[in-house]
Amino acid sequence: MSELGDVLALLHRPEPRYRTLHAEGTEWRHSALLHEAFTRSIPPGAEVATVWRADGREEPETRLEQWRLWEEPPDRLRAEYAVGDDIATVIFQGPTWWSHSASMGALTNNGAANSSPGKGPGEVLFRPARLLPMLQLTVTGRSEQLGRPAYNVRGEPRPLDRHRDRELHSLGSGADAYELTVDVERGFLLRTEALMGGQPFRRIEVTGLELDVPLHGDVFTPQAPEGEEFEVPHHDRTVPLGQVGAEVPFTVFVPAPAPGILGFVHVADANRRRGTHQHVRLTYFVAQPGGGHGNLWVNESATELTTLIDDAWRQIGDLSILEDSSMGYLRVKVRLVRDGTYIHLETTALSVDELVRIARSLVSLPPSPPVVGPTPP
Amino acid sequence: MATLADVLEAIHRTDELYRTLRAVGRSDGELWRLWVERPDRQRVERVDPLEFKVQVGGRWWEYSAAEDGWTSDGEAPSFVAEWPLERLLDPRPLLAAVISVLGTSTHANRPAVAVHVNRRKDDNDADDNGADEWYAAYGEDFDAVIDLATGIVVSVGGDELTELHVDEAVPSSLFEVPTGDGSGAVRIEPPEPRVVATLAEAARSAGFRVLVPAALPEGAVAGSYVLAPAGRPPSLSVRYEVAPGPRAIVQVRQHPHAPYEDDPAPPWQPSGSEGVWVRDGPGFMTEVLVRRSGTTAFLQTDLNQQAAVQVGASMEPVP
């Protein structure tokens, strides 16, 4: 058996790899390199949503965050990990999950299969087989990590012809290579490091490990913070445009003519914890001058939108306008109030003039769908 | 006796284990031929009727004798549909599953290993690593035979490679753009659909009896009428919209009813109106199927089911 075959068999090993697991570790990121690597991993023509911090604080150059994981196969797991400045706790028991964080509150799926929270950065270390189709592995040596014998393995991304490398996102998308430390006894990963141009930009590492020891009895018992109860999360509803008027207590406005293909109509209910009000979001796919399509969003609410208009906005008549390049590309935003409806238009695909023209074309939507009847002769 | 590590390594290193490959195989009883030249040239060919797909790097083209010869060119490979037996040439997604060795054997006179493949219980991300296509084709629990020297799958489900030759010269002409050498008419540009402005013109040009709804959402306006390209099976598509918004859409695509088309099976449900079936479509859409006067019409709309059936049931031939 070759050393590579040995390592493949270790990583491929069927679960369970332990009777119980209690692991602690860290995730280190270099913010600028992580963003650069992620950006270059996006295929040409693809659209990607990015989340930006809106509190004006600078993202530190590097971040080091802790994570913890407990598991009792086959179906009990608890994870604690950082999400932004928040700490998320998730517990899985069979098909049911519970989660809690300061920003999201206490949530559960009550056993429904339509959603699942993440299990944190540590999870991929203990599920390495799913990476095997997408990495070309070379064994580079032996070492010790946490006093445990390990293989040092270099993995080069080898996206399958017909598949994107989304799963490599868990290690760090866009890397030239990944340095993996493989536990010789159990075949899980003790450390991963994503590299671009020889520079590390994401590292996930186990710093404490207990295997096959009894876990504390209540580690898998969900407990909501005092004064809170677990709630089933409310998801945005997708509705036909013709029915949206009946779903909300305010007049909905639409561009006329439609500026492109109407992709989605979402109705989001108010969320007290997030401080959001009930609103409607229309997403149009609009043709771009250079070919392809971009997005145009129209958000509407009976209550003023949470992000305030400040000095950066300029006024043209009843329209407030912002050209926002803070994310490295231009986002054009236009706001107005019409018959008590607060309307926010936003696009990455059109010029200010085009978005202003669309804002001026808004007409009210009848409150009920059209009736089917005989076609006129 | 080959070990699991030998099999995993063969699959993992399949890219490096041969420079060229020529294979003959069967998929659901049909005869196919395949040629591969590393790093990026591949041809998959059905023998009868002749049909082939060639990929060279990011470019691809296809030929079909039955379709009077056609090809597209210049698209990225991810947009090309997978042809039978192609999947067998890239077994790497199987590494995400649990593979166990059943025994060694020979296949096509070559050393091979019979294995059992099981989806991992925690692999909720199979769509990311390609394993989902294998599960969709063969189930989440299946047997396969792996060629030990190349790592490729030589037998799984109804797919089998019966001849396999590696590292022999492959004629480069197999990977050249077809130029109309007598094997059939070839167009480099995909044929364009015909677009007409009026129902009367569409009905005259369609080549079959066109159905039109006598009832529509109030204010609905028809867009352009799109007819199948010349030489392709006849069809007609039109989209009705109600402004503003559009606050309602009805998309209708129709074609002559073919004798081999059975009545629709569940989830289609009879609507209560003769020759009209209904089912839930994607998202909040409703779909309606209408069979009348030798024509089959497929409607997709954001109207509710009752209104959608009302439109479908009103469809009559254009006078």
Side-chain angles (χ1 to χ4, degrees), chain A residues 1-2 4-9 11-15 43-44 73-75 116 127 129-137 158 160-170 238-245 253-258 262 264-265 282 363-366 369-375, chain B residues 3-6 8-9 11-13 15 55 76-78 80 82 90 92-100 118 120-131 133 212-220 241-249 283-285 302-304 306-308 310-311 314:
Chain A
M1 184 191 298
S2 75
L4 175 62
D6 193 12
V7 168
L8 287 168
L11 292 168
H12 173 270
R13 187 174 158 169
E15 286 76 18
D75 60 2
S116 174
R127 312 275 191 275
R130 63 178 66 170
L131 301 170
L132 289 176
M134 292 170 292
L135 288 173
Q136 180 78 43
L137 301 180
R158 185 181 56 174
L160 303 170
D161 284 348
R162 297 167 39 75
H163 300 277
R164 292 172 296 162
D165 59 340
R166 280 193 297 167
E167 182 56 25
L168 291 176
H169 187 64
S170 57
T238 305
V239 299
L241 183 62
Q243 288 176 21
V244 76
F253 291 83
V254 293
L262 178 61
F264 305 104
V265 180
L282 315 178
V363 298
S364 62
L365 190 71
V371 175
V372 172
T375 52
Chain B
T3 64
L4 175 63
D6 296 328
L8 297 174
E9 188 168 349
I11 294 173
H12 180 262
R13 294 182 58 223
D15 275 358
Q55 284 179 250
S78 56
V80 191
E82 190 172 62
D90 188 357
R92 291 172 296 168
L94 297 180
L95 294 171
V98 176
I99 299 174
S100 44
N118 250 127
R120 275 173 211 269
K121 286 190 173 52
D122 69 343
D123 187 9
N124 299 321
D125 303 301
D127 59 331
D128 290 338
N129 55 39
E133 290 192 0
V212 62
L216 279 169
E218 191 181 11
E241 289 189 0
V242 181
R247 53 194 280 255
I249 57 164
F284 48 72
M285 303 296 274
D302 58 0
L303 297 172
N304 65 34
Q306 185 185 359
Q310 199 180 340
V311 174
S314 77

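Protein chains get the first letters and strands the later ones, always in sequence-line order, with residue 1 at the start of each. Note: hydrogens, waters and symmetry copies are ignored here, and every other heavy atom, side chains too, is used.
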Checking [X] against chain B: side chain, backbone, both or neither under 4.5 Å from a heavy atom?
X: A/Val372; answer: both
X: A/Pro14; answer: both
X: A/Leu262; answer: side chain
X: A/Ser364; answer: backbone

Look at [options] and state which one has the largest set of heavy-atom pairs under 4.5 Å with chain B.
options: A/Pro74, A/Ser116, A/Pro366; answer: A/Pro366
options: A/Ala256, A/Pro374, A/Ala258; answer: A/Pro374
options: A/Asp75, A/Val239, A/Val363; answer: A/Val239

- How about A/Gln136: does its CD atom have over 12 heavy atoms from other parts shown lying under 6.0 Å from it?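 It does: A/Gln136 CD has more than 12 such atoms within range.
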- Query: Counting only heavy atoms not in B/Phe284, do more than 12 fall under 6.0 Å of its CZ?
  - Reply: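 Yes, CZ of B/Phe284 has more than 12 neighbouring heavy atoms, counting only those of other groups under 6.0 Å.
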Please round to the nearest 0.5 Å and tell me the distance separating atom [atom1] of [X] and atom [atom2] of [Y].
X: A/Gln243; Y: B/Asp302; atom1: CD; atom2: CG; answer: 8.0 Å
X: B/Glu9; Y: A/Leu137; atom1: CD; atom2: CG; answer: 10.5 Å
X: B/Leu4; Y: A/Arg13; atom1: CG; atom2: CZ; answer: 12.0 Å
X: B/Arg120; Y: A/Arg127; atom1: CZ; atom2: CZ; answer: 10.5 Å
X: A/Leu132; Y: B/Leu8; atom1: CG; atom2: CG; answer: 8.0 Å
X: A/Leu135; Y: B/Leu95; atom1: CG; atom2: CG; answer: 10.5 Å

- Message: As a quick check of understanding, evaluate side-chain contact (heavy atoms from CB on, under 4.5 Å) for B/Arg13 and A/Leu4, giving each step before the final call.
- Response: CA-CA 10 Å; B/Arg13 294 182 58 223; A/Leu4 175 62; 3.8 Å; yes
- Message: If we define contacts as heavy-atom pairs under 4.5 Å, which of B/Pro213, B/Ala248, B/Ala214 has the most with chain A?
- Response: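 Going by pairs under 4.5 Å, I would pick B/Ala214.
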Chain A contact via [X] - side chain, backbone, both or neither, heavy atoms under 4.5 Å:
X: B/Ile99; result: both
X: B/Val98; result: both
X: B/Ala307; result: both

Residue pair [X] / [Y]: nearest heavy atoms and the distance that separates them:
X: B/Ala96; Y: A/Arg130; result: CB-CA, 4.1 Å
X: A/Leu241; Y: B/Pro244; result: CD2-O, 4.4 Å
X: B/Glu218; Y: A/Pro370; result: O-CB, 3.9 Å

- Message: Quick one: does any side-chain atom of B/His12 pair with a main-chain N or O of A/Pro133 as donor and acceptor, under 3.5 Å?
- Response: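 No, B/His12 side chain to A/Pro133 backbone: no donor-acceptor pair under 3.5 Å.
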